[in-house]
Amino acid sequence: MSQPQNAISPRRDEDFPEWYQQVVKAADLAENSDVRGCMVIKPWGYGIWEAMQRGLDGLFKATGHKNAYFPLFIPLSYMAKEAEHVEGFAKECAVVTHHRLKSDGKGGLMPDPESQLTEPLIVRPTSETIIGATYAKWVQSYRDLPILINQWANVVRWEMRPRVFLRTAEFLWQEGHTAHETSAEAIGETEQMLGVYAKFAREWLALPVFTGEKSAGERFPGAVNTLCIEAMVQDRKAIQAGTSHFLGQNFAKASGIQFVSRENKQEHAWTTSWGVSTRLIGTVIMAHGDDDGVILPPRVAPSQIVIVPVAPKPDTRDAVFAACEALAAKLRAQSYGGEAIRVELDKRDLGGGQKSWEWIKRGVPVRVEIGPRDLEKGTLAVARRDRGHKEKSFPTSEEFIAGIAATLQEIHDALLARATALRDAHTVKLETKEDFIAFFTPKNKDKAEIHGGFALAHWDESAETEAEIKEALKVTIRCIPFDSPVEDGQCVWSGRPSRRRVLFAKSY
RNA sequence: CGGGGUGUAGCUUAGCUUGGUAGAGCGCCUGGUUUGGGACCAGGAGGUCGUAGGUUCAAAUCCUAUCGCCCCGACCA
């Protein structure tokens with residue numbers, strides 16, 4: 001009874017990073033494991049990932065891609081084939097050096113020195129090299145191209161500062177790897193897949209994103225060009241939600257992907273790679289969550305509707321449960337977003353308030369309560385997660401079922417509108433260095449506070465300026481937006497001439 | 001890898017300065033009353049105090065070593 005007003009403490013405006021961790025815990029999404037930097041994804045969190053996988057996989061298939069699977073281990077020498085790639089990943093690779101254990105004589109185990117591998121294996125941080133080596137064997141002729149393959153996999157990057165879903169040593173993702181006959185075709189593929197990601201962000205995750213290309217300094221190691229989608233979360237920082245790389249012929253040359261062209265000449269293929277990860281779950285939490293926990297966009301909610309029976313007395317319990325089962329069955333026969341509606345019936349013997357709060361914290365889009373009084377009146381008590389937790393409507397069962405798909409779409413639209421409003425309110429055009437510095441400097445130095453946002457400002461295209469800004473303000477160029485028009489201006493930092501605005505922000 | 005901090009029950013922690021049988025809250029289990037917005041009462045289980053050594057009649061407490069974790073840096077497609 002002496003509970004605070006909000007389910008999550010601290011609130012977002014008090015301490016956003018701590019709020020995030022508390023939400024992950026309260027929503028039962030994931031927890032830190034005994035393995036450093038590695039998380040356990042719990043059923044509710046994994047359910048979100050499964051829904052994301054279904055959505056993305058459908059979009060990949062619709063654009064002509066097929067799934068395959070490549071090895072977790074990569075021979076050390078493969079990594080060395082592409083110089084920039086080595087530079088980018090060498091410092092965070094897990095390395096396998098032995099294949100057998102033996103007793104250490106003290107009750108423990110140790111790698112058997114006799115079993116040392118002649119060539120160490122690294123655990124994949126990304127699979128360009130192993131897939132490139134494989135494609136080299138598959139491709140002989142221009143007739144073997146394009147290769148359009150995706151894999152769902154886990155990867156390992158030994159990060160120094162892990163954070164659940166946002167940056168973990170091991171994470172789940174998909175990586176698409178394609179090989180093409182021409183540069184233009186590969187560039188088209190890179191752009192197409194970025195478009196798929198932007199569509200997915202908007203239509204599944206209710207996230208508006210900026211699309212654009214990375215500056216040279218922020219590019220994927222080994223890429224000719226890196227395209228990205230950037231989302232704003234509620235502390236106004238940017239998060240890279242997906243990337244699509246045009247790799248030119250760099251990896252084809254490193255891996256020997258060669259083919260005989262239509263002109264009967266030996267040529268190297270043009271390759272791309274593109275990926276999104278479980279980081280998307282963290283992005284959704286931070287973009288849509290409130291001080292009561294997660295708010296899930298309906299299309300990625302493991303359960304879209306939860307029915308909570310209110311059955312205090314044994315004599316009405318059977319009737320209430322029967323009504324709940326009947327409603328659940330009818331709802332499951334409905335569909336939303338091309339899938340059967342997902343309904344959970346919470347029959348646990350717990351207080352109604354406790355159950356309701358659990359589902360609020362987990363972010364279920366729609367909650368339905370059915371009790372003896374509803375049976376008498378033929379109505380339901382319905383609450384939406386995008387509205388206040390006390391706000392309920394009381395439709396009849398028929399009305400509710402008939403309108404459920406529209407209701408879920410309304411919730412999606414409301415989340416998208418809210419996220420768009422937040423992003424637009426904190427995306428500003430800046431002209432002067434003073435304004436730029438002020439925008440990215442918290443008012444109160446002693447206490448962390450939410451500040452800044454996205455700044456569209458002119459940049460002189462020099463790596464020096466980019467580095468200076470990063471050093472001074474921890475602000476980076478998130479992308480050069482596709483829709484940024486060519487216009488004359490002066491670099492917000494150096495004052496030198498500039499041709500277009502780029503997107504600056506602090507990032508995760 | 002540098003600087004600082006910290007390890008006591010599933011979780012949060014008190015006790016450590018000044019050595020003397022390990023305490024609480026939450027959670028969990030049982031029974032009862034409850035359940036329409038985070039319940040209450042009664043009872044119960046659960047700890048070789050991170051690990052190894054040392055000092056001492058006696059160590060959670062003092063000393064040494066070691067391991068883990070957290071924060072700040074560095075690093076981070």
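Predicted model, so just to flag it, every value in this text is computed and none were measured. Only heavy atoms go into these numbers, but all of them, side chains included; no hydrogens, no water, no symmetry mates. Reminder, nothing fancy here: chain letters follow the sequence lines and each chain counts from 1.
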Quiz prompt | Between A:D57 and A:W152: side-chain donor-acceptor atoms closer than 3.5 Å | solution = yes

Quiz prompt | Integer angstrom distance from the P of B:U51 to that of B:A9 | solution = 10 Å

Quiz item: Out of B:C76, B:G38, B:U35, which has the shortest distance to the side chain of A:E159?
Solution: B:C76

Quiz prompt | Which nucleotide in B:G37, B:U34, B:G36 has an atom nearest any side-chain atom of A:D374 | solution = B:G36

Quiz prompt | Selected nucleotide, minimal atom distance to A:R167 side chain, candidates B:C76, B:G37, B:G36 | solution = B:C76

Self-check item: Residues that A:R163 engages under salt bridge (Lys or Arg N to Asp or Glu O under 4.0 Å), provided they are two or more places apart
Solution: none

Quiz item: Between A:V284 and A:M52, which heavy-atom pair has the shortest distance, and what is it?
Solution: CG2-CE, 4.0 Å

Quiz item: P atom, B:C16 versus B:A22: distance in rounded Å?
Solution: 15 Å

Practice problem: Have a look at A:R279 and say if it touches a base, only the backbone sugar-phosphate, or nothing, with a 4.0 Å heavy-atom cut-off. | Solution: nothing

Exercise. Mind checking A:E92 for me? I need base, sugar-phosphate or nothing, with any heavy atom below 4.0 Å counting as a touch.
Key: base

Quiz item: Which part of the nucleic acid does A:G353 contact within heavy-atom distance under 4.0 Å: base, sugar-phosphate only, or nothing?
Solution: sugar-phosphate

Quiz prompt | Residue A:K361, side-chain atoms from C-beta onward, closest of B:U35, B:G36, B:G38 | solution = B:G38

Exercise. May I ask you to decide whether A:E31 forms a salt bridge with A:K25, counting only side-chain N to carboxylate O separations under 4.0 Å?
Key: no

Practice problem: Looking only at side-chain atoms of A:Q354, point me to the closest of B:G36, B:A39, B:U35. | Solution: B:A39

Quiz item: Considering only the C1' atoms, how many Å lie between B:U55 and B:C62, rounded to the nearest integer?
Solution: 8 Å

Practice problem: Could you tell me which non-hydrogen atom of A:P481 sits nearest to which non-hydrogen atom of A:V502, and how far apart they are? | Solution: CD-CA, 4.0 Å

Practice problem: Can you tell me, in whole Å, how much space there is between the C1' of B:A60 and that of B:G19? | Solution: 10 Å

Exercise. On RNA chain B, check which nucleotide each of A:L350 and A:K25 is closest to and give me the residue with the more 5' one.
Key: A:K25

Quiz item: Taking the same atom, C1', in B:U64 and in B:A59, what whole-Å distance lies between them?
Solution: 15 Å

Quiz item: For the pair made of CG in A:L166 and P in B:C75, what is the distance, rounded to whole Å?
Solution: 20 Å

Quiz item: Taking atom C1' in both B:C70 and B:U12, what distance in whole Å separates the two?
Solution: 15 Å

Exercise. Could you pull out all residues at least two apart from A:H389 that satisfy ring-ring contact (aromatic ring centres under 6.0 Å, His included)?
Key: A:W357

Quiz item: Within less than 4.0 Å of OP1 or OP2 of B:U35, is there a side-chain N or O belonging to A:K313?
Solution: yes

Quiz item: Do A:K355 side-chain and B:G36 base share a donor-acceptor contact under 3.5 Å?
Solution: no

Exercise. May I ask you to say whether A:K347 pairs ionically with A:E325, meaning some side-chain N is under 4.0 Å from a carboxylate O?
Key: yes

Self-check item: Touch class at under 4.0 angstrom, heavy-atom based, for A:K474 against every strand present
Solution: sugar-phosphate

Quiz item: Checking all strands, does A:H245 fall into the base, sugar-phosphate, or nothing category for heavy-atom contacts under 4.0 angstrom?
Solution: nothing

Self-check item: Name of the residue among A:K214, A:E218, A:R279 meeting side chain to side chain donor-acceptor pair (under 3.5 Å) with A:Q240
Solution: A:K214

Quiz item: Ring centroid separation for A:H177 and A:F70, is it under 6.0 angstrom?
Solution: no

Quiz prompt | Integer angstrom distance from the P of B:G4 to that of B:C76 | solution = 25 Å

Quiz prompt | 5' precedence on RNA chain B between A:E471 and A:L380 (nearest-nucleotide basis) | solution = A:L380

Quiz item: Checking all strands, does A:A381 fall into the base, sugar-phosphate, or nothing category for heavy-atom contacts under 4.0 angstrom?
Solution: base

Practice problem: Please work out if A:R348 contacts a base, only the sugar-phosphate, or nothing of the nucleic acid, heavy-atom cut-off 4.0 Å. | Solution: nothing

Self-check item: Between B:G38 and B:G20 - C1' atom distance, rounded Å
Solution: 44 Å

Exercise. State the dot-bracket string of RNA chain B. Criteria: Watson-Crick or G-U wobble, both atom distances under 3.5 angstrom; notation: ( ) intrastrand, [ ] crossing earlier pairs, | interstrand, . unpaired.
Key: (((((((..((((......[..)))).((((((.....)))))).....(((((..]....))))))))))))....

